[in-house]
Every structure is written in structure tokens, then in C-alpha cells.
4 protein chains.
Amino acid sequence: MTKQLAPRSPRCPAPAVRQRLPPDIRIQQILDVALEAFARDGYAATRIDDIAQRAGLSKGGVYAHFKSKEEIFEALLSRTLAPKSLDGLILAPAGSVTVPRVVERIVDRMYVDLCDPRTVLTLRMLLADGIRVPERVGQWRRMVIEPYLKAIETLLRQGVADGTLRKSILAEAPWLVLAPAVFAAMWQLVFEDATPASLDAQRRAHIALVKELLGPEVPRETTHGDGTGTLARAR
Amino acid sequence: MTKQLAPRSPRCPAPAVRQRLPPDIRIQQILDVALEAFARDGYAATRIDDIAQRAGLSKGGVYAHFKSKEEIFEALLSRTLAPKSLDGLILAPAGSVTVPRVVERIVDRMYVDLCDPRTVLTLRMLLADGIRVPERVGQWRRMVIEPYLKAIETLLRQGVADGTLRKSILAEAPWLVLAPAVFAAMWQLVFEDATPASLDAQRRAHIALVKELLGPEVPRETTHGDGTGTLARAR
Amino acid sequence: MTKQLAPRSPRCPAPAVRQRLPPDIRIQQILDVALEAFARDGYAATRIDDIAQRAGLSKGGVYAHFKSKEEIFEALLSRTLAPKSLDGLILAPAGSVTVPRVVERIVDRMYVDLCDPRTVLTLRMLLADGIRVPERVGQWRRMVIEPYLKAIETLLRQGVADGTLRKSILAEAPWLVLAPAVFAAMWQLVFEDATPASLDAQRRAHIALVKELLGPEVPRETTHGDGTGTLARAR
Amino acid sequence: MTKQLAPRSPRCPAPAVRQRLPPDIRIQQILDVALEAFARDGYAATRIDDIAQRAGLSKGGVYAHFKSKEEIFEALLSRTLAPKSLDGLILAPAGSVTVPRVVERIVDRMYVDLCDPRTVLTLRMLLADGIRVPERVGQWRRMVIEPYLKAIETLLRQGVADGTLRKSILAEAPWLVLAPAVFAAMWQLVFEDATPASLDAQRRAHIALVKELLGPEVPRETTHGDGTGTLARAR
DNA sequence: TATGAATGAGGCTTCATTCAT
DNA sequence: AATGAATGAAGCCTCATTCAT
């Protein structure tokens with residue numbers, strides 16, 4: 001063990017300034033950066049070094065806060081898949097469930113989320129690596145997705161019952177309300193095509209769809225302008 | 001994915017006898033297996049050893065057919081993203097574009113594809129690792145997806161012009177026709193939830209939607225049975 | 001995952017000749033080398049690189065035969081702590097258990113072992129790192145050490161019963177027969193003092209001791225020459 | 001020992017209150033704890049964190065008292081390998097060197113030491129990592145061990161000369177007097193078998209041996225009771 | 001004195017790739 | 001065409017050491 005006699009390391013000049021942050025801040029920093037990295041490259045292809053560097057510290061520094069790469073991944077999921085409030089979706093006074101309301105509460109809200117890069121990043125991460133934590137995904141489904149669908153269903157059924165919404169398959173298969181936004185998200189994901197313009201066109205088409213299905217029985221002859229027929233490539 | 005968060009799916013034991021096969025067969029075998037592996041674990045986390053074992057030969061054996069891992073990936077994409085014929089979509093004699101026709105030609109066809117595991121695997125692969133080969137994805141978009149959307153648009157517009165379809169936003173944003181099927185695919189992908197039952201329920205809801213939008217102005221009061229409101233978890 | 005596109009490695013000129021050996025040979029080689037390394041430096045301070053280099057292959061090459069450093073350690077113990085035959089210790093025709101016999105069968109045999117570097121290396125390894133595999137050490141104790149002590153006890157008791165050995169505490173505490181050799185081994189271990197000369201002196205003193213205890217009741221006045229009083233430092 | 005083969009012994013929880021202590025106390029605490037750690041895990045496998053935690057402070061706290069891990073090790077050796085007084089061994093008035101005296105002064109004293117865990121810990125440390133500081137071990141040999149052996153030799157020779165001890169090989173190879181105790185120590189070390197009972201049995205056998213060799217020429221037929229023939233496993 | 005975040009060298013392990021057989 | 005031992009780069013993780021607080 002003669003070889004262990006020599007002290008191990010620091011001989012090189014230290015970097016500029018050793019930034020010392022409170023753990024909470026650092027942890028958030030690391031998670032933010034990790035989300036980006038995992039989403040962009042996938043869990044396997046993301047190196048701790050990447051995360052560390054982008055978080056502004058050294059590899060070892062990351063390990064002061066997380067025991068392993070896996071723990072970072074888990075922490076990220078915990079932070080992201082946390083149940084969100086369904087306020088304003090569930091609470092609907094009688095007669096209040098009109099089409100504009102539905103659009104505002106459900107459709108618009110989704111496109112707002114889709115404008116947040118973090119949503120899309122999380123989605124990509126889930127799609128690429130969610131398989132690695134099936135329990136957590138299952139939990140997310142039960143705690144977030146299914147209650148959300150249920151809330152939409154309730155809302156729509158109430159609207160139909162109140163007579164403020166037309167009767168439609170949407171009230172029975174509420175996921176159909178979400179489908180176009182999911183399509184939009186996938187489009188972004190696959191084609192890296194996040195032009196605000198195209199996203200907005202998609203949103204408008206989506207809204208038109210909802211109106212057609214739930215709106216009053218107006219004579220249909222208006223042309224809807226640009227529904228982004230072929231989703232013309234941006235740029 | 002040096003280490004898997006969740007244990008890798010159990011590898012099928014290699015077939016007892018390792019024999020020499022004609023190259024074509026071997027190559028197909030390898031690609032089949034590679035698709036499964038890349039889709040399940042992602043490109044980075046898939047080891048040549050995995051592919052070799054599942055294809056029933058050794059690591060070196062794989063290299064007898066492909067120069068590198070990357071080459072396998074590329075070959076896979078070439079095989080999968082190849083343009084498919086749009087026959088029967090484009091060719092529509094005047095007056096023939098009825099709702100049942102649309103359903104059969106577009107909607108049903110998609111769910112048939114979704115029943116094929118390979119479609120879903122390819123989707124997952126694209127989502128997880130498509131970013132690695134943006135040119136190829138772009139090419140696929142231009143050669144396959146956009147023509148497909150265009151064909152649908154043409155079809156629907158013709159139907160509307162012919163008076164066999166009702167005027168709807170669908171004719172202007174043909175992607176909306178696809179959205180529910182894409183949602184279904186994502187649902188499968190994320191929740192590993194490929195029950196034929198739930199998929200079929202989704203298909204029926206999807207069809208109902210299309211009918212509502214394109215179908216004749218029937219008085220709407222029928223209840224649509226089970227549109228799988230909340231997509232009840234299978235089992 | 002763009003970063004994964006580039007092939008991983010071999011660009012440097014290969015070493016002289018890539019020695020390819022049958023696994024059995026390699027494994028023995030590796031174990032031989034590992035024993036030396038573990039004994040000299042201890043498990044923790046031994047680097048796989050050390051072992052690999054001394055075995056004439058690369059780090060990765062070692063992993064073709066062992067899954068981990070720990071597995072090497074275990075394999076080493078399995079190879080070394082295997083039960084050895086007690087022939088010739090147990091089989092003793094009546095009247096044959098004389099002092100010279102005992103010396104030859106027990107004492108001399110131990111010093112022969114002590115001349116084998118592997119014995120001493122194994123001892124050191126056991127002392128330094130045996131604590132890490134208590135089950136294995138326990139097994140060794142039950143399978144090797146205790147039967148050995150028992151065999152000695154039986155032998156000595158028989159000699160005493162036959163009248164060929166004097167009655168002595170040795171027959172009841174057979175470990176006392178071994179103690180001087182163990183002392184010698186420790187001396188070697190601690191003081192790195194393996195001069196054949198001093199070891200032989202120790203052996204002779206050991207034999208003298210056994211003779212005094214088990215030998216015939218001769219009048220004691222002979223001087224035993226050099227029993228290596230103070231174990232004069234070698235060189 | 002990056003990874004332990006066997007799980008590390010459970011660390012004692014640090015004391016609730018971490019307080020500032022006078023340096024001397026702290027240093028002793030640290031050394032006590034370090035001895036235990038080095039002995040149990042070996043130098044390389046012992047982490048400063050281990051020592052710190054067990055001493056009830058943080059890593060940085062240890063560095064307030066020692067410049068490096070190596071320095072702790074050295075300090076430990078200095079404290080432990082310090083020469084001990086040989087009083088009462090050397091000073092022996094003519095005619096006073098009787099067997100009981102020898103037993104009391106030499107044999108019993110060793111077993112008292114063996115009852116002190118620190119002795120055994122030190123032994124283990126020497127065996128495992130003594131090789132790292134050969135000069136210090138050499139110094140210990142010259143300053144402690146050899147004078148000790150010399151003293152024993154002198155004592156025994158005087159006893160023989162005085163006629164109070166029988167002539168025996170022991171007087172010429174005084175290390176033989178120590179051998180059984182060393183064996184006992186090794187037994188403890190290897191088999192982690194520190195039952196007071198077995199140790200006492202060993203002590204009694206040891207004494208019987210010494211009596212046989214140095215004691216008066218009594219007719220030998222008594223049975224010595226339990227000399228712990230096979231060192232029956234404790235429990 | 002003491003804490004604990006941060007650094008960075010170094011060790012373990014994996015795996016794409018090569019190549020002797 | 002196929003095998004599997006061997007290579008070597010690279011990634012994960014540990015831990016002695018430093019230092020701002």
C-alpha cells in the first residue's frame with residue numbers, strides 16, 4: 001500500500017471562484033439542467049459531467065446533493081409529476097359551462113403549457129425513459145391524468161345537461177378534447193418544430209373543432225381561414 | 001444507460017442451435033431485434049450484445065453484417081421510414097368520398113397499424129432517438145407525413161365539394177383527423193397499456209367523432225355507448 | 001444523443017501482439033497475480049489495473065473473465081481455502097506415532113508450506129481482508145482448520161496411548177503444536193523477514209520443543225546450539 | 001476499498017451534540033476511532049468521513065487536527081508502537097525466577113493484553129498495513145520486540161542458572177514462550193472469535209505448556225482437564 | 001475550531017470495436 | 001460467417017483535500 005502514501009490531489013490552480021450555494025438552490029439548479037439534458041439526450045446518453053457543467057459545478061459537486069444519476073432522475077420525476085390542482089375545472093356553477101369557457105379552461109390552458117419548454121421536455125423524457133420507472137408513471141396516471149380526464153368529463157356532461165353544450169362524443173370520451181393538443185406536442189417533439197406560429201395555428205384549429213362539436217347548431221358555411229392544413233414547415 | 005433504473009426486460013434465451021444463415025435472413029433478424037431493443041431501451045442503452053443475443057448469435061456475428069451500431073440504427077430507419085403507398089387514399093372517384101369510406105380508408109387503417117407492435121416501437125424509437133438523425137426525420141416528414149396529410153386534405157375537400165361530406169374544420173386541418181389515433185398511440189407508449197379492448201374503444205370514439213364532424217346533419221340525441229370515458233385501466 | 005454518433009474508440013496502434021489465451025489459463029494467471037497483489041497491498045489498495053498489467057492484459061481483459069473485483073477475490077478464496085487432504089495424518093498404524101514421525105508429518109510439513117510464498121500471501125490476505133468474507137472464513141475453519149486440529153489431536157492421543165509419545169498438554173491442546181509455526185509466519189509477515197536461515201532456525205527450535213514435550217524421558221542437559229534466541233535480524 | 005465485499009460494520013450514530021472540545025481530547029478521540037477503523041477496514045478502505053463521524057465531528061473537523069489521513073496513521077503508530085517499560089521483567093533478584101513468576105510476568109501479562117481490544121486492533125493494523133511504514137515497524141522491532149525477547153531470554157537463562165527453572169529450549173528460543181499467545185491472537189483475528197472463555201482456555205493450556213517445560217521434574221500422568229483441544233467454536 | 005459544499009484525481013465498470021481462431 | 005477474448009475510451013462514483021462561512 002506504499003502507493004497510498006502520497007496525498008491524492010489538489011495541485012492545480014483552483015477555478016475562478018468556488019461558488020458556494022445553499023443546497024436548495026443548487027438542487028433546483030441541478031434539476032433544471034438535468035431535465036433539459038435528459039429530455040434532449042435521454043437518460044443513458046446524458047453524462048453527469050454535462051449536468052454538472054451546465055449547473056456550474058464539478059462532477060463531484062453534483063454528488064454532494066444526489067447519490068447517483070438515478071436519484072437525479074427520480075427527483076426530477078417527483079418534482080414534475082406532482083399532482084396539480086384541478087381548480088376551476090371542477091368548480092362550475094350551473095349554466096356556466098359554455099363553449100368559450102371550455103376553450104379557455106381546457107384548450108387554451110393546454111397550449112399555454114405547450115409553450116413552456118419544460119412541459120415539452122418533460123414529455124419527451126417520459127416518452128423516452130418513462131419506461132424505466134413504470135411505477136412512477138402509473139402513479140402519475142392515477143394521480144394526475146385520470147382525475148384530469150374525469151374532471152373534463154364531468155364538466156362536459158354538466159354542460160350538456162345544462163343545455164349550454166351540444167351533446168357530443170366529447171362528453172363521453174373526454175380524451176378526444178385533448179387529442180389535438182397531444183398531436184401538437186408530438187409534432188413539436190418529433191420535428192423539433194416549435195414555431196409559435198404553427199403552434200398557434202394548431203390551437204385555433206383545435207378550438208374550431210371544439211366549437212363545431214359543442215357549439216350551438218349554427219348553419220355551417222363559414223370558412224375557417226387557415227387551420228394550417230398541412231402544417232407548413234416553419235421558416 | 002450504463003445502469004438501468006428498472007431492470008432490463010428479461011432477455012429471451014438465445015435459440016439452442018446457432019447456425020449459419022443466409023445473410024438476408026440474418027440481417028432482417030438483426031433489424032427486427034434491434035428495433036425492439038432500441039425502442040425499449042433507447043439507442044444509447046442498447047448494447048450490441050443485447051442485439052446479438054436476441055438475434056441468436058454473438059457480438060462478432062453482428063459485426064459480420066453491420067459495420068457499427070450506428071449502421072444498424074440507420075438501416076433500421078431506412079427500412080421503417082420508407083415511403084408507403086398512398087393508393088386508395090388519393091384515388092377517389094367523384095361522389096365516392098363518404099363518411100364510411102373516410103373511416104375505412106383513414107381511421108381504421110391507423111388503428112390497424114397501431115395494433116402492429118412494430119408501429120408503436122418505431123414511434124417510440126423516433127420519439128426517443130429521432131433527434132439523433134434530424135435529416136432522416138425531416139426526410140420522412142417530407143416524403144411520408146406531409147404527402148399523407150395532403151392526401152387526406154384533398155380527399156376531404158373533394159368530399160365536401162361533392163357534398164358527400166359536411167363542411168368541417170377537418171378539411172382544413174386534416175391533422176385533426178389523425179390526432180385521436182396519435183393520442184391513442186401515445187397512451188400506449190406512456191402507459192404500456194396495449195389492451196386490444198381499450199384500443200378498440202378508442203377507435204370507436206374516434207370514428208364517432210369523425211362521423212359527428214363529417215356526417216349528415218342527423219338529429220343528435222343518441223348516446224354513444226362506451227366511448228371509454230376515462231380510458232379505464234385494463235386488466 | 002448526437003454525441004453518440006461517433007464510434008467509440010480504437011484509433012491507437014495496437015500493442016505488440018494481442019495475446020489470446022484459453023480462458024482457463026488466463027483465469028489462473030489472473031488469480032495468481034491477484035493473490036500477490038491483494039496480499040501485498042490489501043484488497044482496497046489493489047487496482048484492477050495492477051492485476052491486469054501483471055497478468056499481461058488490459059483492464060477490460062480482466063473483465064472478460066471476472067465480473068468484478070470482488071469476484072476475483074472470491075474466486076481466489078475458493079481456490080485457496082479449499083479443503084486439503086489429511087492423508088498420512090490420520091492413518092497411523094499402532095505403534096507408529098513416534099516423535100520423528102510427528103515432526104515429519106506435522107512440523108516439517110508446516111515449514112515446507114511456509115517456504116511457499118503463496119501460503120504466506122494467503123495468510124496475509126486472510127488477516128487483512130478475511131473480515132470481508134466471514135462466511136468463507138468460517139467455512140474454511142470448519143472444513144480445514146478444525147479437522148486438521150482434530151486429526152493432530154487423534155494422532156497425538158494415539159501416540160500417548162501406544163506409549164510411543166510422552167504424555168503432554170500437546171495431546172489435549174493440539175494447537176500448541178502449531179503455535180510456533182504460526183509465530184514464524186507472523187514474524188515473516190510483520191517484519192518481511194523471510195530469510196531461509198531464520199526460518200530454518202525457527203523450525204529447529206520448534207522441533208526441539210516438540211521433542212522435549214513428546215520425546216522419551218532423557219536426562220536433559222544437552223545444549224541445543226542455536227535456537228535463534230533473539231531471531232537475529234537477517235543480513 | 002471502494003466497495004466493501006461485506007457491508008461495513010454499522011457506524012455508530014454520532015453523538016447528538018457536536019461540541020467544541022479541547023484539542024487534546026479531540027485528538028485522542030480521533031485516534032481511538034481511527035485505530036478501530038483502520039484495523040477493521042484497513043487503511044485504504046477507511047474514509048476520513050468514517051473517522052469523523054465516529055469521532056462525532058465532520059470531515060473538516062478532523063482536518064483541524066491532522067493535516068492528512070497519512071498523518072493520522074502516523075500519529076496512531078507513534079502512540080501505539082511506543083516502547084513499553086520492561087520493568088519487572090528484567091529486574092529479577094537471584095533465585096526469584098520461578099515458574100509461577102514466569103507465568104505471571106510473561107504469560108499472564110500477554111493474555112491481559114489480548115483482552116484489551118486495542119491490542120488486537122493494533123495487531124490487525126500492523127498485519128494489514130504495517131507494510132506501508134516499514135521503517136516504523138523496523139523501529140518497533142528494534143525498540144520493543146527485540147528488547148522484550150532479550151529480556152525474556154535473560155530472565156529464563158537466569159532461572160536456569162539459578163536452578164529455579166528446568167533447562168529447556170525456551171531459554172534459547174524465547175520466542176517459543178510467546179508463540180501460543182500469538183497463535184491465540186491470530187485465532188481471534190481471523191475468526192473474530194474473542195470469547196473470553198476460549199481465550200482463557202488457551203491461556204491455561206499455554207501455562208501448562210510452560211510448566212511442563214520449565215517446571216520441576218514431576219512424574220507426568222495428570223490429565224490437564226480442558227486444554228481446549230479443538231478450540232470448540234464459541235456460542 | 002467546526003461545517004459541509006466543492007474540487008478533481010483516480011478507481012471500477014461498461015461496451016463498441018477489433019481480430020485471432 | 002461466426003466466436004469470444006482482448007482493447008481502450010469513456011462514464012459513474014468515491015473520497016482526500018480545500019475553503020468560504
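Not measured: the values here are computed from a predicted model. A, B, ... follow the sequence lines: proteins, then strands. Residue 1 opens every chain.
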Return the value, rounded to whole Å, for the distance between atom [atom1] of [X] and atom [atom2] of [N].
X: B:Lys67; N: E:dA16; atom1: NZ; atom2: C1'; answer: 15 Å
X: B:Ile51; N: E:dT14; atom1: CD1; atom2: P; answer: 18 Å
X: A:Gln19; N: F:dC19; atom1: CD; atom2: P; answer: 16 Å
X: A:Leu21; N: F:dT21; atom1: CG; atom2: P; answer: 11 Å
X: A:Tyr43; N: F:dG11; atom1: OH; atom2: C1'; answer: 12 Å
X: A:Asp49; N: F:dT14; atom1: CG; atom2: P; answer: 15 Å
X: C:Asp41; N: E:dC12; atom1: CG; atom2: C1'; answer: 17 Å
X: B:Glu70; N: E:dC15; atom1: CD; atom2: C1'; answer: 16 Å

Check whether any side-chain N or O of C:Tyr43 sits under 3.5 Å from a backbone N or O of C:Glu70 as a donor-acceptor pair, and report yes or no.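 The answer is yes, because a donor-acceptor pair under 3.5 Å joins these two groups.
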Under 3.5 Å donor-acceptor, A:Lys69 side chain and A:Thr46 backbone: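 Confirmed, A:Lys69 side chain pairs with A:Thr46 backbone.
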Strand DNA chain F as a dot-bracket string - pairs counted if Watson-Crick or G-U with both distances under 3.5 Å, | where the partner lies in another strand: .||||||||||||||||||||
Which one, [options], comes nearest to the side chain of [X]?
X: C:Leu57; options: F:dT21, E:dT7, F:dA6; value: F:dA6
X: D:Lys69; options: F:dG4, E:dT17, F:dT17; value: F:dT17
X: D:Ser58; options: F:dA6, F:dA1, E:dT3; value: E:dT3
X: D:Ala64; options: F:dT17, E:dA2, F:dT7; value: E:dA2
X: A:Tyr63; options: F:dA2, E:dC12, F:dC12; value: F:dC12

Value rounded to 0.5 Å, distance of [atom1] in [X] from [atom2] in [Y]:
X: A:Leu121; Y: A:Asp32; atom1: CG; atom2: CG; value: 10.5 Å
X: C:Asp129; Y: C:Asp41; atom1: CG; atom2: CG; value: 10.5 Å
X: C:Gln53; Y: C:Ile51; atom1: CD; atom2: CD1; value: 11.5 Å

Determine whether any donor atom in the side chain of D:Lys59 lies under 3.5 Å from an acceptor atom in the base of F:dT17, or the reverse, and answer yes or no.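 For D:Lys59, whose side chain was compared with the base of F:dT17, there is a donor-acceptor pair (under 3.5 Å).
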For C:Arg20, enumerate each residue passing the salt bridge (charged side-chain N to carboxylate O under 4.0 Å, His left out) test, keeping only those at least two apart in sequence or located in another chain.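 For C:Arg20, no residue satisfies salt bridge (charged side-chain N to carboxylate O under 4.0 Å, His left out) once neighbours in sequence are set aside.
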On DNA chain F, does the nearest nucleotide to B:Val62 precede the nearest nucleotide to D:Ile48 from the 5' side, or the other way round? Give the residue.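 It is B:Val62 whose nearest nucleotide is closer to the 5' end.
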Contact under 4.0 Å: A:His65 side-chain N or O vs E:dG4 OP1/OP2: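 Answer is no, no contact under 4.0 Å.
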Please state whether the phosphate of F:dC15, meaning OP1 or OP2, lies under 4.0 angstrom from any side-chain nitrogen or oxygen of D:Arg47.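 Indeed, a polar side-chain atom of D:Arg47 lies that close.
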Is C:Arg124 salt-bridged to C:Glu192, cutoff N-O under 4.0 Å?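 Yes, C:Arg124 and C:Glu192 are salt-bridged.
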Using heavy atoms and a sub-4.0 Å distance, could you list which residues of residues 23-33 of chain C are near DNA chain F? By number, please.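 Listed by number, they are C:Pro23, C:Arg26.
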Under the side chain to side chain donor-acceptor pair (under 3.5 Å) test, residues paired with [X] that sit two or more places apart:
X: C:Arg54; answer: none
X: C:Arg26; answer: C:Gln29
X: C:Ser68; answer: none

So which one's nearest nucleotide on DNA chain E is more toward 5', C:Gly60 or A:Pro22?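 Result: A:Pro22.
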